[in-house]
Amino acid sequence: MGSYRSDFLRVMQERGFIHQVSDETGLDDMFRTQTVTGYIGFDCTAPSLHAGSLIQIMMLHWMQQTGHRPIALMGGGTTMIGDPSFKDEARKILTPVAIEENLAGIRQVFDNYLDFGDGTSDALMVNNADWLLNLNYVEFLRDVGQHFSVNRMLSFDSVKLRLDRDQSLSFLEFNYMILQAYDFVELNRRFGCTLQMGGSDQWGNIVNGIDLGHRLENKQFYALTTPLLTSSSGAKMGKTASGAVWLNPDMLSPYDFWQYWRNAEDADVSRFLKLYTKLPMDEIDRLAALDGAEINEAKKILATEVTALAHGRAKADEAAETAKKTFEEGKLSDSLPTVMIDAAELEAGIGVLSLFVKAGLAASNGEVRRHIKARALRINDAAFDDERRIISAADLAHEGVLKLSLGKKRHVLVRQAES
């Protein structure tokens, strides 16, 4: 479709969110003439979502900003099974207690992007455990299962790729797409939801829900998917060599989150500004036109704006100031990530390999050794090559703190824990 008339789809198009739409004209007309309720599902497989989910969260955010009602559907029920889409193996089965704990952690993320309440465009957070855990299996098979063709389900890319690689797909996982389709129908019955959004890997599952809605409710449902994103070098969004880029501050500090976006590749700056910030398009165009050393200023703005949405403006500004002090002014900042070491452990002396692992700058002693050989590690900004070096309380003489560094952009402070 050339151009959309509704505010929401116009924003989605100009910022690069749209990959597929099931009925562009119908959906555009609905957004233009009604208050639309739409949802995205998030399974509770960890205590936080990571940056790979931000494109979906921002879709819900823009939906609310343009006057519509977003639903963040928590998969308290479907997490018990696990989405097999494009996975090489089955997910670990989580206990109900673990799922509840994860759901509580994930809720914190959405409070920064959505306004929840009872108004016509206030966001809702709903848990599909509310209806899935009470289903009568035989009735569900009769009333819902009859509408699904196994032949068609086997044709979906998410299933075909798994089977083509001769990797097992359990009957448990095969049920996931039926439950997801049923979620769509149940959300329509309870909240008048007519739109499901998600990544392009969810297209087949969403279309299943559209078809089921037509069969069970004789209603028109809609689908909108986003492109699956990687960085320009092919790296998966939300993942780094050292782990996931978590959205919760207790799992990744706002400073490290800021640094992830500051380290974006030059070619990704414009695209990331459109997808992950609320900056006006003319400002984004101005920043995207910068090149050479000036592109670093655009990256700092990207990092600060994304962090402000995720963690608040104060934390974003603090992270930017910490980076400025650390890299541009050479000062030691108290707001860098900190690891506390017991006085007794420092008194006895702690090996430098163990210390870098404790600080989270490496996953193992072997990885520390490799970094030492590559001259990538520093202590108080000084490189070293002795893997048997012992750190003691005397090394914390500089303001009672020791600064560990991996490369130029990852830093952790070591302090002695109070006894």
Side-chain angles (χ1 to χ4, degrees), residues 39-61 70-117 122-135 170 172-173 175-176 179-180 182-183 186-187 190-191 198-199 202 205 236-240 242-257 260 306-307 309-312 315 337-340 357-360 363:
Y39 90 98
I40 299 176
F42 301 87
D43 277 343
C44 310
T45 53
S48 170
L49 299 175
H50 61 66
S53 297
L54 267 182
I55 187 171
Q56 313 302 338
I57 296 171
M58 288 301 293
M59 288 178 83
L60 294 176
H61 172 83
I71 296 177
L73 178 66
M74 297 293 101
T78 42
T79 302
M80 292 186 173
I81 295 174
D83 183 1
S85 298
F86 300 97
K87 302 289 188 300
D88 290 338
E89 57 187 20
R91 280 180 174 167
K92 177 184 175 184
I93 300 296
L94 299 177
T95 66
V97 172
I99 290 171
E100 279 299 316
E101 290 173 349
N102 289 347
L103 195 154
I106 290 170
R107 170 63 191 252
Q108 299 172 32
V109 173
F110 285 94
D111 284 335
N112 295 319
Y113 292 87
L114 300 174
D115 294 320
F116 292 94
D122 282 340
L124 299 173
M125 179 167 282
V126 181
N127 186 350
N128 64 14
D130 292 348
W131 55 83
L132 293 183
L133 299 191
N134 296 319
L135 288 175
S170 72
L172 179 74
E173 295 173 280
N175 274 267
Y176 186 95
L179 296 181
Q180 182 173 334
Y182 183 72
D183 281 345
E186 193 66 32
L187 287 170
R190 293 178 180 228
F191 307 107
Q202 293 297 314
N205 289 345
K236 191 173 182 180
M237 285 302 299
K239 302 282 188 178
T240 68
S242 56
V245 183
W246 299 110
L247 301 181
N248 283 24
D250 57 337
M251 296 185 68
L252 186 75
S253 72
Y255 174 80
D256 284 335
F257 184 79
Y260 172 76
V306 178
T307 306
L309 280 171
H311 298 297
K315 291 292 184 184
T338 300
V339 60
M340 308 300 290
V357 172
K358 276 180 177 287

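Quick caveat, the model's predicted, so the values are computed rather than measured.
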Return the set of residues passing side-chain contact (heavy atoms from CB on, under 4.5 Å) with V357 (not counting sequence neighbours), or none when no residue passes.
N365, V368
Side chain to side chain, T307 and Y255, heavy atoms closer than 4.5 Å
no
Do L135 and L132 have side chains that get closer than 4.5 Å, going by heavy atoms?
yes
For A129, side-chain contact (heavy atoms from CB on, under 4.5 Å) partners two or more places apart:
N127, L133
If you look only at distance, which donor and acceptor atoms sit under 3.5 Å apart when one is on a side chain in residues 244-252 and the other is two or more places apart or in another chain?
unit_1	atom_1	unit_2	atom_2	d
N248	OD1	S48	OG	3.2
N248	ND2	P47	O	3.4
N248	ND2	G105	O	2.8

For L309, all residues meeting side-chain contact (heavy atoms from CB on, under 4.5 Å), sequence neighbours excluded
M58, Y113, K278
Any side-chain heavy atom of T79 within less than 4.5 Å of one from L103?
no
Might you point out which heavy atoms bring H50 and M237 nearest each other, and give the distance in Å?
CE1-O, 4.1 Å
I55: which residues meet the side-chain contact (heavy atoms from CB on, under 4.5 Å) condition with it, sequence neighbours left out?
F17, T226, L229, L275, Y276
Any residue meeting ring-ring contact (aromatic ring centres under 6.0 Å, His included) with H311, in chain and number order, not counting sequence neighbours
F257
Suppose we screen for salt bridge (Lys or Arg N to Asp or Glu O under 4.0 Å). Which residues come up paired with K315, at least two apart in sequence or across chains?
none
Do Y182 and T78 pass the side chain to side chain contact (heavy atoms under 4.5 Å, CB included) test, and can you show the C-alpha distance, the side-chain angles, and the key distance before you say yes or no?
CA-CA 11 Å; Y182 183 72; T78 42; over 6 Å; no
Test your reading of the model: is there a side-chain donor-acceptor pair from N128 to the backbone of G76, 3.5 Å cut-off?
yes
Could you tell me which non-hydrogen atom of I106 sits nearest to which non-hydrogen atom of D43, and how far apart they are?
CD1-O, 4.1 Å
Looking at residues at least two apart in the chain, or sitting in another chain, which of them share a ring-ring contact (aromatic ring centres under 6.0 Å, His included) with F110?
F42
Looking at side-chain heavy atoms only, is the closest gap between F191 and V126 below 4.5 Å?
yes
Show me the pairs that pass salt bridge (Lys or Arg N to Asp or Glu O under 4.0 Å) and involve residues 93-105, at least two apart or across chains.
none
With sequence neighbours excluded, what pairs up with D115 under the salt bridge (Lys or Arg N to Asp or Glu O under 4.0 Å) test?
none
Please name all residues satisfying side chain to side chain donor-acceptor pair (under 3.5 Å) with D111, sequence neighbours left out, ordered by chain then number.
R107
Shortest non-hydrogen contact from F116 to L124?
CE2-C, 3.6 Å
